[in-house]
J.: 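For reference, the structure I am asking about is given below.
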Amino acid sequence: MTAHESRPGADSLLELAAALDAADPLGAHLDAFADAPGVHAYLDGNSLGRPLRDVPERLAAFAREDWGTRLIRSWDEQWMALPMQLGDRIGAVALGAAPGQTVVADSTSVLIYKLLRAAIPHDPARTEIVMERGNFPTDRFLVEGVAAETGTSIRWIDPDPVHGVQVADVVAMLSERTAVVSLSHVDYRSGALADMPAITAAVHDVGALMMWDLCHSAGVVPMQLDEWGVDMAVGCTYKYLNGGPGSPAFAYLRHALQGVLRQPIQGWWSAADIFAMGPEYVPASDIRQLLSGTPPVTSMLAMQGMLDLIEQATIDAVREKSQALTDLAIRAHDEVLAPLGVRLLSPRDAAARGGHVTIGHPDFRAVTQRLWADGIIPDFRFPDGIRLGLSPLSTSFSETVRGVLTVSDALQTHG
């Protein structure tokens with residue numbers, strides 16, 4: 001019997017988690033993921049998703065057949081179209097996007113740069129970019145770089161650190177000078193979920209373009225990019241889409257802006273006739289215009305199985321379990337961590353929260369090191385936060401409670 005199993009309150013939480021697991025309609029999918037020997041609770045799926053069991057064979061078959069046997073013929077047979085086909089799958093399964101508007105290519109950073117840089121010249125009279133001051137570093141650094149390149153200025157939003165950017169925060173920064181607003185759908189720190197349709201509508205009311213970073217929402221939070229009028233979006237595939245470390249990102253560009261905005265990295269893959277080898281660059285008029293160089297085909301393999309799982313489970317069911325998991329994590333925090341001085345740094349309302357819960361304590365840097373050594377894997381975020389990333393298809397309710405209880409044990413024995 002471990003320490004937490006003998007402590008008052010632990011039994012009731014573990015019993016509740018077991019009951020939730022027994023009733024979980026998505027519980028059967030847990031066996032689809034590869035075992036990680038020595039890991040007792042993986043609570044970092046919001047940073048790097050676990051691999052599916054079939055990934056080794058999928059990669060081996062690719063090397064043996066598609067690459068090994070078909071060789072360069074596979075470009076004509078399947079690989080040329082893969083960035084667009086896979087983009088359409090992500091759009092249908094996770095984004096609420098019709099075909100022809102999503103493409104898989106490059107990294108998140110490169111795609112954010114492409115879209116931001118393309119958006120600025122769209123209306124020369126618009127000279128301001130709106131961005132949250134606490135957004136993920138890549139987003140902020142890219143905005144600063146694009147602003148320096150184009151001579152535009154930045155208006156910084158300073159939202160509540162727990163509840164994130166609100167509609168009123170954005171409206172206060174908008175004017176006829178706004179060119180583009182770039183925000184994260186889910187805050188990487190607190191997990192706060194922004195009101196995408198309302199914020200997008202407010203941005204459009206002043207004639208500006210709206211770009212969303214979907215890295216912490218794609219695959220766990222349903223959205224309707226087409227219906228909500230989103231102009232541009234970028235997201236990664238190694239978190240809730242389980243594409244593996246360094247798997248390529250995706251970009252969404254609505255039909256009305258294709259052939260209108262011109263991305264700056266004019267590689268041969270975005271040319272209208274890719275094999276013309278002509279003397280000058282003529283961009284493609286469809287979503288392929290966002291490509292640049294040769295797509296990373298091998299890195300596109302692992303995510304395909306996860307898209308199958310999400311499609312089978314449905315993104316709405318994934319969201320329902322996500323909310324239940326994070327609700328349980330907050331209940332466990334209240335019962336066993338709050339009495340130890342741990343702060344809840346995420347919204348309590350499940351509807352205002354993405355797929356992770358953040359908790360804070362001054363000792364969490366050292367505690368995280370101990371947890372990792374003991375096979376409990378959460379995610380530390382400076383200065384004193386632990387993120388509990390609960391990927392619904394690969395995380396059980398019991399695993400969630402075990403993780404929280406072990407945080408409590410580590411805190412009480414720390415030092």
Side-chain angles (χ1 to χ4, degrees), residues 26 29-30 33 36 39 41-52 90 94-95 108 134-139 161-162 164 183-194 212-223 233-247 249-250 302-303 306-307 309-310 313 315 318-330 332-333 344-347 350 352-360 364 368 371-372 376-382 385-397 399-404 407:
L26 303 185
H29 294 300
L30 295 171
F33 296 87
V39 174
Y42 186 64
L43 307 179
D44 211 354
N46 65 312
S47 191
L48 178 65
R50 296 176 61 177
L52 293 168
I90 293 172
L95 309 182
T108 305
N135 209 336
F136 191 77
T138 280
D139 299 70
V162 171
L183 298 172
S184 288
H185 190 201
V186 170
D187 189 297
Y188 82 100
R189 301 152 303 173
S190 70
L193 177 65
W212 288 98
D213 181 331
L214 308 178
C215 286
H216 281 277
S217 59
V220 72
V221 178
M223 60 194 87
V234 174
C236 64
T237 62
Y238 47 79
K239 300 182 189 297
Y240 297 106
L241 297 182
N242 301 64
S247 60
F250 63 85
M303 74 180 82
M306 189 62 178
L307 290 172
L309 279 190
I310 296 174
I315 190 65
V318 168
R319 173 61 171 164
E320 184 177 351
K321 181 176 178 181
S322 174
Q323 290 178 309
L325 283 167
T326 53
D327 277 342
L328 180 61
I330 289 175
H333 160 270
L344 179 64
L345 302 178
S346 294
R353 192 174 62 234
H356 68 271
V357 170
T358 303
I359 51 180
F364 269 174
T368 300
L371 293 172
W372 278 36
I376 307 296
I377 316 294
D379 189 28
F380 178 78
R381 277 292 176 261
F382 182 84
I386 280 179
R387 296 189 309 185
L388 306 174
L390 310 172
S391 188
L393 291 176
S394 62
T395 308
S396 69
F397 292 94
E399 188 176 10
T400 300
V401 168
R402 284 198 304 271
V404 173
V407 171

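Values in this document were obtained by computation on a predicted structure and should not be read as measured data.
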J.: Mark yes or no for whether Ser190, through its side chain, and Val162, through its backbone, hold a donor-acceptor pair below 3.5 Å.
T.: yes

J.: Over all heavy atoms of both residues, which pair between Ser322 and Gly354 is shortest? Give the atoms and the distance, please.
T.: OG-O, 4.0 Å

J.: Quick one: does Leu52's side chain get under 4.5 Å of Leu309's, heavy atoms only?
T.: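 When only atoms from C-beta onward are counted, Leu309 and Leu52 do touch, with a gap below 4.5 Å.
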
J.: Take Ile376 and Val39 through the test side chain to side chain contact (heavy atoms under 4.5 Å, CB included) and record every step on the way to the result.
T.: CA-CA 6 Å; Ile376 307 296; Val39 174; over 6 Å; no

J.: Applying salt bridge (Lys or Arg N to Asp or Glu O under 4.0 Å), can you list everything that pairs with Arg381, at least two apart in sequence or on another chain?
T.: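 Only Asp379 meet the salt bridge (Lys or Arg N to Asp or Glu O under 4.0 Å) criterion with Arg381.
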
J.: Who are the side-chain hydrogen bond (donor to acceptor under 3.5 Å, both in side chains) partners of Thr237, not counting sequence neighbours?
T.: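 Here the qualifying residues are Ser247.
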
J.: Do side-chain atoms of Asn242 reach the backbone of Arg50 as a donor and acceptor pair under 3.5 angstrom?
T.: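 Checked: pair present.
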
J.: For residues 234-247, which residue pairs pass the salt bridge (charged side-chain N to carboxylate O under 4.0 Å, His left out) check, not counting sequence neighbours?
T.: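 Matches after skipping sequence neighbours: none remain.
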
J.: Answer yes or no: is there an ion pair linking Asp327 with Lys321, defined by an N-O contact shorter than 4.0 Å?
T.: no

J.: Would you check if His185 and Met223 make a side-chain contact, meaning some heavy-atom pair closer than 4.5 Å?
T.: yes

J.: Which value, rounded to the nearest 0.5 Å, describes the distance between Leu241 atom CG and Ser391 atom OG?
T.: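 Atom-to-atom, Leu241:CG and Ser391:OG are 9.0 Å apart.
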
J.: Once side-chain contact (heavy atoms from CB on, under 4.5 Å) is applied, do any residues pair with Thr358, and if so which ones, sequence neighbours excluded?
T.: Leu345, Ser346, His356, Arg387

J.: Listed by chain and number, what are the ring-ring contact (aromatic ring centres under 6.0 Å, His included) partners of Phe397, not counting sequence neighbours?
T.: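 Once residues adjacent in sequence are excluded, Phe397 has no partner under the ring-ring contact (aromatic ring centres under 6.0 Å, His included) criterion.
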
J.: Is any side-chain heavy atom of Val357 closer than 4.5 Å to a side-chain heavy atom of Ile330?
T.: yes

J.: Starting from the C-alpha separation in whole Å, work towards a yes-or-no answer on side chain to side chain contact (heavy atoms under 4.5 Å, CB included) for Asp44 and Leu388.
T.: CA-CA 6 Å; Asp44 211 354; Leu388 306 174; over 6 Å; no

J.: How close do Phe33 and Leu393 get, heavy atom to heavy atom, and via which atoms?
T.: CE1-O, 3.1 Å

J.: Please enumerate all residues that pass salt bridge (Lys or Arg N to Asp or Glu O under 4.0 Å) together with Asp187, with sequence neighbours excluded.
T.: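 Checked Asp187 against salt bridge (Lys or Arg N to Asp or Glu O under 4.0 Å); matches are Arg189.
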
J.: Going by ring-ring contact (aromatic ring centres under 6.0 Å, His included), name the residues that satisfy it together with Tyr188, two or more places apart in sequence or in a different chain.
T.: Phe136

J.: Not counting sequence neighbours, which residues clear side-chain hydrogen bond (donor to acceptor under 3.5 Å, both in side chains) with Asn135? List them please.
T.: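 side-chain hydrogen bond (donor to acceptor under 3.5 Å, both in side chains) list for Asn135, sorted by chain: Ser184.
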
J.: Looking at residues at least two apart in the chain, or sitting in another chain, which of them share a side-chain hydrogen bond (donor to acceptor under 3.5 Å, both in side chains) with Thr395?
T.: none

J.: Can you check whether Pro378 reaches Trp372 side chain to side chain, under 4.5 Å on heavy atoms?
T.: yes

J.: Should Leu390 and Thr326 count as side-chain neighbours, where that means a heavy-atom distance under 4.5 Å?
T.: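 Heavy-atom side-chain distance check passes, below 4.5 Å.
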
J.: By side-chain contact (heavy atoms from CB on, under 4.5 Å), which residues pair with Gln323, not counting sequence neighbours?
T.: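 Expected list: Arg319, Ala350.
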
J.: Tell me the closest heavy-atom pair linking Ala352 and Pro347, and the distance in Å.
T.: O-CG, 3.6 Å

J.: Decide yes or no for Tyr240 and Val221: does some side-chain heavy atom of the first lie under 4.5 Å from some side-chain heavy atom of the second?
T.: no

J.: Under a 4.5 Å cut-off applied to non-hydrogen side-chain atoms, are Leu193 and Arg353 in contact?
T.: no

J.: For the side chain of Ser396 and the backbone of Glu399, is there at least one donor-acceptor N/O pair under 3.5 Å apart?
T.: yes

J.: How many angstroms lie between atom CG of Leu328 and atom NE2 of His333, to the nearest 0.5 angstrom?
T.: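 It is 13.5 Å, given to the nearest 0.5 Å.
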
J.: Please name the pair of heavy atoms, one in Ala329 and one in Val404, separated by the smallest distance, quoted to 0.1 Å.
T.: O-CG2, 4.4 Å

J.: Just to verify, what does Leu48 make a side-chain contact (heavy atoms from CB on, under 4.5 Å) with, not counting sequence neighbours?
T.: Tyr42, Tyr238, Pro245

J.: Tell me every residue that passes side-chain contact (heavy atoms from CB on, under 4.5 Å) with Ala302, counting only those two or more places apart in sequence or in another chain.
T.: Val55

J.: List the atom of Leu214, the atom of Ala233, and the distance in Å for their closest heavy-atom pair.
T.: CD1-CB, 3.7 Å

J.: In the structure I gave you, are the side-chain heavy atoms of Val234 and Phe250 within less than 4.5 Å of one another anywhere?
T.: no

